[in-house]
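Heads up, the thing below is written out as structure tokens.
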2 protein chains.
Amino acid sequence: MSPAVVDATNAPRRRQARSATTRLKLLEAALHEFAAHGFEATSTRAIATAAETQQPQINYHFSSKEALWRAAVDHLFERLDDVVLRQVEASPPVTDERSEFAGHVRAFVHAAAQLPELNRIMVHEATVASDRLAWIVDRHVRPRFEALTRAWRALRSKGVVADIDETVLYYSIVGAASLPYVNAPEALLLGHDTLDETFIDRHADALVAIFLGPNGTDA
Amino acid sequence: MSPAVVDATNAPRRRQARSATTRLKLLEAALHEFAAHGFEATSTRAIATAAETQQPQINYHFSSKEALWRAAVDHLFERLDDVVLRQVEASPPVTDERSEFAGHVRAFVHAAAQLPELNRIMVHEATVASDRLAWIVDRHVRPRFEALTRAWRALRSKGVVADIDETVLYYSIVGAASLPYVNAPEALLLGHDTLDETFIDRHADALVAIFLGPNGTDA
DNA sequence: GTCTATAATTAGATAGAC
DNA sequence: GTCTATCTAATTATAGAC
């Protein structure tokens, strides 16, 4: 093939590849900025600069700032499921429901540390009612809330865990598991690196022991 | 006294009283708005409107938006100490260190529910390093962090509580105690009113049981 | 001290060249 | 698809009348 023909056939492909790259870089930059500052306080210019592109690219690829936010949140929850699944699969197989629950608590602690953006975006949004909050709760939070509370109810009715209300338990576990990573910049100022692997392991061990008793991992 | 004399002596006093009222209304409105939206996303116009005054009053009374934020945060931590002290004094007297710690956990849960603005402002600020975060950590967080970790170390060295790292414990307690109230609008969408008194009591009971064992309140 | 008017920046979104 | 230039609206802070 002559160079002219090669150009004619490959140039569109290269453009498509670059477009996909721009889109992904915008998503990643948006996650980081929205998690750090919240939706309103994040400027589309700051996101574009972090993504090494121009501000109007946001409207071209996502039509609006809010559409970019929703795409970034969807992307983030996909990654959460990946991380949790990988963690659960990497742990030794479990025989009973209580150690299965313990495994999920451990997995969620590691995911919260690995994806601090998730719980940061949640607390930025959850402090006031809004269309964005209603959207994220309907689409992502409620199914997870119901899965966790259902599992806890099952353990509770069998009498193998403490007699604690499921909503109390949900918020206590999520709050205890996420705050060290949501507030990592604060912890650093206090002289503690919560993103250190040994901290994360101690944290996961402590939460399993606290919420499921000293033998949380065994039968 | 003639009306003219009364006016001459009382008008300045009335103006001072109105000034103090404007200042206080701005402080309260600022707390509510900053807690809901975070510093950058809160407009001084919204604060002034909520305080039923004009936007330039903020610069007159506090010189800048950031100075208002600092005054509001100082005001908030004063109220936290009030609420915690009142709670601790209202509970039955304690005989040992473990039940004293349990009383403080209970008091903090009630304070977190009564002053959701406190932990909302903390999470809005703590997700990224900034001058405001450094200020609030140095002035308000560090002394409280050190008091709690010191008390836990004492209990731990006596072997009367679980063997959990003090930094892990601090963030787990604060996270578990505050999230239901920080995220109260989210919980409402899930169908749970976390600001209901019976929820708060169940929550406080659960945290004491979880972190201090089933006999947290006894010797 | 309170209030209106406004100055100086910055925001999200769009037009149009390439 | 990418990029520059720009429109409209909203921001914090200030000037000055009362």
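What you are looking at is a predicted structure, and each value in this text was computed from that prediction instead of being measured. Every chain is numbered from 1, with letters handed out A, B, ... down the list of sequences.
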For A:His32, is the NE2 atom crowded, meaning more than 12 foreign heavy atoms sit under 6.0 Å from it?
no
Under the side chain to side chain donor-acceptor pair (under 3.5 Å) test, which residues partner A:Asn59, sequence neighbours left out?
none
To the nearest Å, give me how far apart [atom1] ([X]) and [atom2] ([N]) are.
| X | N | atom1 | atom2 | answer |
| --- | --- | --- | --- | --- |
| A:Gln16 | D:dT2 | CD | P | 11 Å |
| B:Glu52 | C:dT2 | CD | C1' | 15 Å |
| A:Leu26 | D:dG1 | CG | P | 13 Å |
| B:Phe62 | D:dT14 | CZ | P | 16 Å |
| A:Gln57 | D:dT2 | CD | C1' | 5 Å |
| A:Gln54 | D:dT6 | CD | P | 17 Å |

Side chains of B:Gln87 and B:His104: do they bring a donor and an acceptor to under 3.5 Å?
no
Taking N or O atoms only and anything under 3.5 Å, show me the protein contacts with nucleotides 11-18 of chain C, one pair per line.
residue	atom	partner	partner atom	Å
C:dG12	OP1	A:Thr42	O	3.2
C:dG12	OP1	A:Thr44	N	3.2
C:dG12	OP1	A:Lys65	NZ	3.0
C:dG12	OP2	A:Thr44	N	2.8
C:dG12	OP2	A:Thr44	OG1	2.8
C:dG12	N7	A:Arg45	NH1	3.0
C:dG12	O6	A:Arg45	NH2	3.4
C:dA13	OP2	A:Asn59	OD1	3.3
C:dA13	OP2	A:Lys65	N	3.1
C:dA13	N7	A:Gln55	OE1	3.4
C:dA13	N7	A:Gln55	NE2	2.8
C:dA13	N6	A:Gln55	OE1	2.9

NZ/NE/NH1/NH2 to OD/OE distance under 4.0 Å, A:Asp74 and A:Arg70:
no
B:Lys65 (side chain) donor-acceptor with B:Phe39 (main chain) under 3.5 angstrom:
yes
Is the phosphate of C:dT2 approached by B:Arg23 (side-chain N or O, under 4.0 Å from OP1 or OP2)?
no
Side chain to side chain contact (heavy atoms under 4.5 Å, CB included) for A:Tyr170 and A:Glu146? Distances and angles first, verdict last.
CA-CA 10 Å; A:Tyr170 174 83; A:Glu146 289 183 348; over 6 Å; no
